[in-house]
There are 2 protein chains.
Amino acid sequence: MADGPTITTIAERAGVSIASVSRVLNGLPTRQETVRKVMAAADELGYVRNAVARSLKSRRTHQVAFAMADVGNPAYLAMLRQIQPVLKAAGYRLVLHSTDAVAADEIDVLHSLGERYVDGLIMSPLRVTEQHLQMLRAARAPVVIIGSVPEGTPVDNVRADSRTGVKLAVDHLHALGRRRIGMVNGPLDTVPGAARGAAYREALETLGLPYDENLVEIGDFYRAEGARAVAELLLREPGVDALMCANDLIALGALDVLRAAGRRVPEDVAVVGMDDTDLAAASWPSLTSVSLGSAERGKAAAELLLDRLQHGDREPRLVTVPPRLAVRASTTGEEPYPASRAAGRTRADKREGGRS
Amino acid sequence: MADGPTITTIAERAGVSIASVSRVLNGLPTRQETVRKVMAAADELGYVRNAVARSLKSRRTHQVAFAMADVGNPAYLAMLRQIQPVLKAAGYRLVLHSTDAVAADEIDVLHSLGERYVDGLIMSPLRVTEQHLQMLRAARAPVVIIGSVPEGTPVDNVRADSRTGVKLAVDHLHALGRRRIGMVNGPLDTVPGAARGAAYREALETLGLPYDENLVEIGDFYRAEGARAVAELLLREPGVDALMCANDLIALGALDVLRAAGRRVPEDVAVVGMDDTDLAAASWPSLTSVSLGSAERGKAAAELLLDRLQHGDREPRLVTVPPRLAVRASTTGEEPYPASRAAGRTRADKREGGRS
DNA sequence: ACACCTGCTGTAAACGTTTACGGTGTTTGG
DNA sequence: CCAAACACCGTAAACGTTTACAGCAGGTGT
C-alpha cells in the first residue's frame, strides 16, 4: 500500500511538466510525441487519478447522496434500485444515508451538504418541519425531495398521489360489497400518515359510507405494529369486513393476526396494503396493494437531479406519479399466477428479482 | 447557492490567522478568547467545513464503498442493512456500487480504489478471476471480500458455509421421507453456484442416495429463470418429490410453476430455498430456506473493515458464518405464525420491517 | 539582568489537481 | 529577411484544509 504515483511522478519520468501531464490525461490538444511519452509513463507507473484533489479544484465530486428513512424498508429499496443505475450511467457515485426517520438526522444530512462531498441530494423525509424548509432554502447543493413539500419551496419535488391511491383501494373494496371498511394507519404526524388518513375519510364520504372512529387504528409502519393494531381493532369491531392498511408491512401484520384469529382472507376480511412491494406479491395469500410507484418516483427523482446538475438554474419542477391498484388474492381470492405467465420469462419478471 | 465561507473568511472576521481557526475547529489547545472569537465568527457565517479539502490533506475520506452484484437482490440488501449502521456509527459514509455481476465492473471498482475517494471497500463478487486476485493484491486501500477467496490472498474474508447449508436442507428433506430430491442451481461458473452444486452431490452421497443428472437443472439466480428451470425439470422427471433451490428467488419461481401445474406444496413436492430472505417468510406457502447469514456476514464484514482501518497492518482474518435452516410450510405444511407470536411485539419482529 | 521555559499565535508549506498566462520555437506572409 | 501568427509547453497560482516551525510575549529561576 505504498504511496501511489502522482502527476508529478509521471512528469519526471516523461520529462515534461505537470501541466502537460494534466492536459494529456484530460484529452486537451497536445503534440503526439508528448501524449505518447505521458501515456507510457502513466501506464508503467500504474497511475490512477486522485479523485479528491480533482474535486477540490474542479468543485465537482461526481457523488450524489440518497437519504432514506430506513434502509430496511422495501419501498425505499425499490427507489434505490432505480436511482442507482440512472446515476451510475451518468458517471455519479451514490452515497447512502439512513436517517431512521429521526428528524435530527435528516437535518444533519441537509447540513452536511455544506461539506461539499456530494454534488446533490435526493431525500425522502417522513416529516417536514419548519427547520427542514429553512435548510432546504439555504441548501448549498441541488436537492430533490421525494414526498410532499409546500408550494414555493425551491427544490424539485416528486410526489405520489396517495389520495387517489387510497380511493382506488376503498372503491375496490366497496365494489366487492364490503361496507365495514377499517383503516390501519401509521403516525398522523408523518406526511404519508396524515395524507392517507384524510384520503380514507374522503373516500368513504364519496361513497356515502359513514366515517366511524372505531374502525380506525393508529400504529406505526412496521409489521409487528400492524399486527398489534389489527388485534385491537378486531377486539373492538368484530364486524369489520375489510382493512385498508397504510403500507404493506402493516398489511402483512394484519394477515398474521387474521390467520391466527381464524378469520379467512378475503372471505371474512379483505386486506389491502400500500406501496406494492416485493413482499405483497410473495405473501400468503398474495396481497392486493396500492402501488404508489416507488420505482417510478426513484427514477424521476434521479433524472430531475441529473438535469438540475447540468442546467443549474431552472424553475423547480413537480412530478406526480399516479397510483395503480395491484389486485391479488387478499381481496378477490384469485391467485394471480396463471400457468402461462409463470412459465414464460418476461422483461418485467426479470426485474422483480436479482442475483445471489 | 453562493460560495460558502472558508476558514479564511472566518479568520478575517475574527481577526486571527487561518491556523488558529483550524485549531479551534479541531479542538486543539487554544486561548479561551480566541476560541470565543472564532466560534462566534463561524456561527455568524454559517460555516461548514469542506470535506474534500480536508480529505486531500488528511488522506482520509471517511467514506467506505460497498460493491454488490445487484441492488435488486434481497440477500445483498440484508447485508446492506447491517453494514450501514455499523459504518454510520463509526462516522463513515457508505458509497454504493452495483456491478450487475459483470466481472469487468468489479475490476473497475477495484481499480477505482486508486482514486482514493474511499478509505476501504467491502465487495461480494460472484466470480473470482485471476485478475480479481491480482488487483486485490495490489489494492491501494483495505478490502473485505464477502465470499470465498483463495488461501493467502491478503484481504479479510467473510464466508458463508453453503456446503453445510445445503446438507442441512437435503438432510431435512430426507428425514421427511423424500427420496427423489432435485436441485435447481444457478450458473456453475459462479462461486456460489459451484459450491452449492458440489454440496448437493456430496449430501446425497452421505445419505446413500444416487446422484442423478436428470434431477439437476441449471438456470440463473432469478425468479423467472427458476420457474423455467423447474418447468423443464418437471417435464423430464415427473417423479421428483423435493426441490433444493440455490436461492430464494429460484424457489419462488418453483412455487409459481408447481402451483400452475397443480402440484401441491409440500404434499407432492417439497421446496427449499436459500438465503432466507424476507421473501421466504412472506411467500405462499411460506418457504423453508437455508439461512446463510447474510445479515451476520454484512455485519462481520463492516466490523472487519473498521478494525482494519484502525489497526492497519494486521494479519488478514477469515470469518465463517454458520448456516441455519429456517423450516416453514413449503416442506412441513405447518404455518409458522402461531397467534401468540403474531400478537406480541419483539425486538426481532421490529427488525423485520421498516417505515414507509 | 539574563537565560530559559511556557503558552499561544502566525507564516508558510503541503496535499494533488486544473488552468490562466506568458514564453519558447517554428511556420507563414509580405 | 523580418514580423506576425501559431502551436506547444512550462511556471505558478489556486482550490480549502492541516500542521511543522518559528516568533513573540510574559513569567520563572538564578
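Chain letters run A, B, ... following the sequence lines, proteins first, then strands; residues in each count from 1. Source: prediction; values computed, not measured.
- Note: CD (A/Glu12) to C1' (D/dT11) measures 16 Å, nearest angstrom.
- The interatomic distance linking B/Arg36 (CZ) with C/dT9 (P) rounds to 12 Å, in whole Å.
- If you take CZ of B/Arg59 and P of D/dT19, they are 12 Å apart, rounded to a whole angstrom.
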Checklist entry - What's the verdict on side-chain hydrogen bond (donor to acceptor under 3.5 Å, both in side chains) for B/Ser112 and B/Tyr117, showing C-alpha distance, side-chain angles and the deciding distance? => result CA-CA 8 Å; B/Ser112 76; B/Tyr117 65 95; 3.3 Å; yes
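- With rounding to whole Å, B/Arg116 atom CZ is found 14 Å from C/dC15 atom P.
- With values rounded to the nearest 0.5 angstrom, A/Phe66 atom CZ is found 11.0 Å from B/Leu96 atom CG.
- Looking at heavy-atom distances under 4.0 Å, A/Ser55 makes no contact with the nucleic acid at all.
- Out of D/dG10, C/dT18, D/dT18, the shortest distance to the side chain of A/Ser17 is found at D/dG10.
- A donor-acceptor pair under 3.5 Å links the side-chain atoms of B/Thr99 to the main chain of B/Met68, judged by distance alone.
- Nucleic acid contact for A/Val52: none, since no nucleic acid atom lies under 4.0 Å from a heavy atom of the residue.
- Checking the phosphate oxygens (OP1, OP2) of D/dT18, a side-chain nitrogen or oxygen of B/Ser22 falls inside 4.0 Å.
- Here the side chain of B/Leu56 is nearest to one of C/dC15, C/dC8, D/dT11, namely C/dC15.
- Side-chain contact, B/Tyr47 with B/Thr9: no donor N or O sits under 3.5 Å from an acceptor N or O.
- Rounded to an integer number of Å, the gap from B/Asn26 CG to D/dT17 P is 11 Å.
- Among the heavy atoms of the strands, none lies under 4.0 Å from B/Ser58.
- Between B/Arg54 and C/dC15, a side-chain N or O to OP1/OP2 separation shorter than 4.0 Å is absent.
- The 12-atom threshold is not exceeded at NE2 of B/His111, counting heavy atoms of other residues, nucleotides or ligands nearer than 6.0 Å.
- At the phosphate of D/dC8, neither OP1 nor OP2 sits under 4.0 Å from any side-chain N or O atom of A/Thr30.
- In the set C/dT9, C/dC15, D/dG16, the nucleotide with an atom closest to the side chain of B/Thr6 is D/dG16.
- OP1 or OP2 of D/dT17 lies within a sub-4.0 Å distance of a side-chain N or O belonging to B/Tyr47.
- Taking only side-chain atoms of A/Ala19, from C-beta outward, the nucleotide of D/dG10, C/dT11, C/dT18 with the closest atom is D/dG10.
- For A/Arg49, the listed nucleotide lying nearest its side chain is C/dT17; candidates were D/dT18, C/dT9, C/dT17.
- Nucleotide C/dT18 holds its C1' atom 9 Å from the CD1 atom of A/Ile18, rounded to whole Å.
- Spacing between atom CG of A/Leu28 and atom C1' of C/dT17 amounts to 13 Å, rounded to whole angstrom units.
- Rounded to a whole Å, the CD1 atom of A/Ile7 is 13 Å from the C1' atom of D/dA12.
- Position along DNA chain D of the nearest nucleotide to B/Asn50 versus A/Gln32 favours A/Gln32 as the more 5'-ward residue.
- Here C/dT9 is the nucleotide among C/dT9, D/dT18, C/dC15 with the atom lying nearest to any side-chain atom of B/Arg31.
- A donor and an acceptor atom sit less than 3.5 Å apart, one in the side chain of B/Arg23 and one in the base of C/dG10.
- B/Leu136 has its side chain out of reach of B/Pro154: every pair of non-hydrogen atoms, C-beta onward, lies at least 4.5 Å apart.
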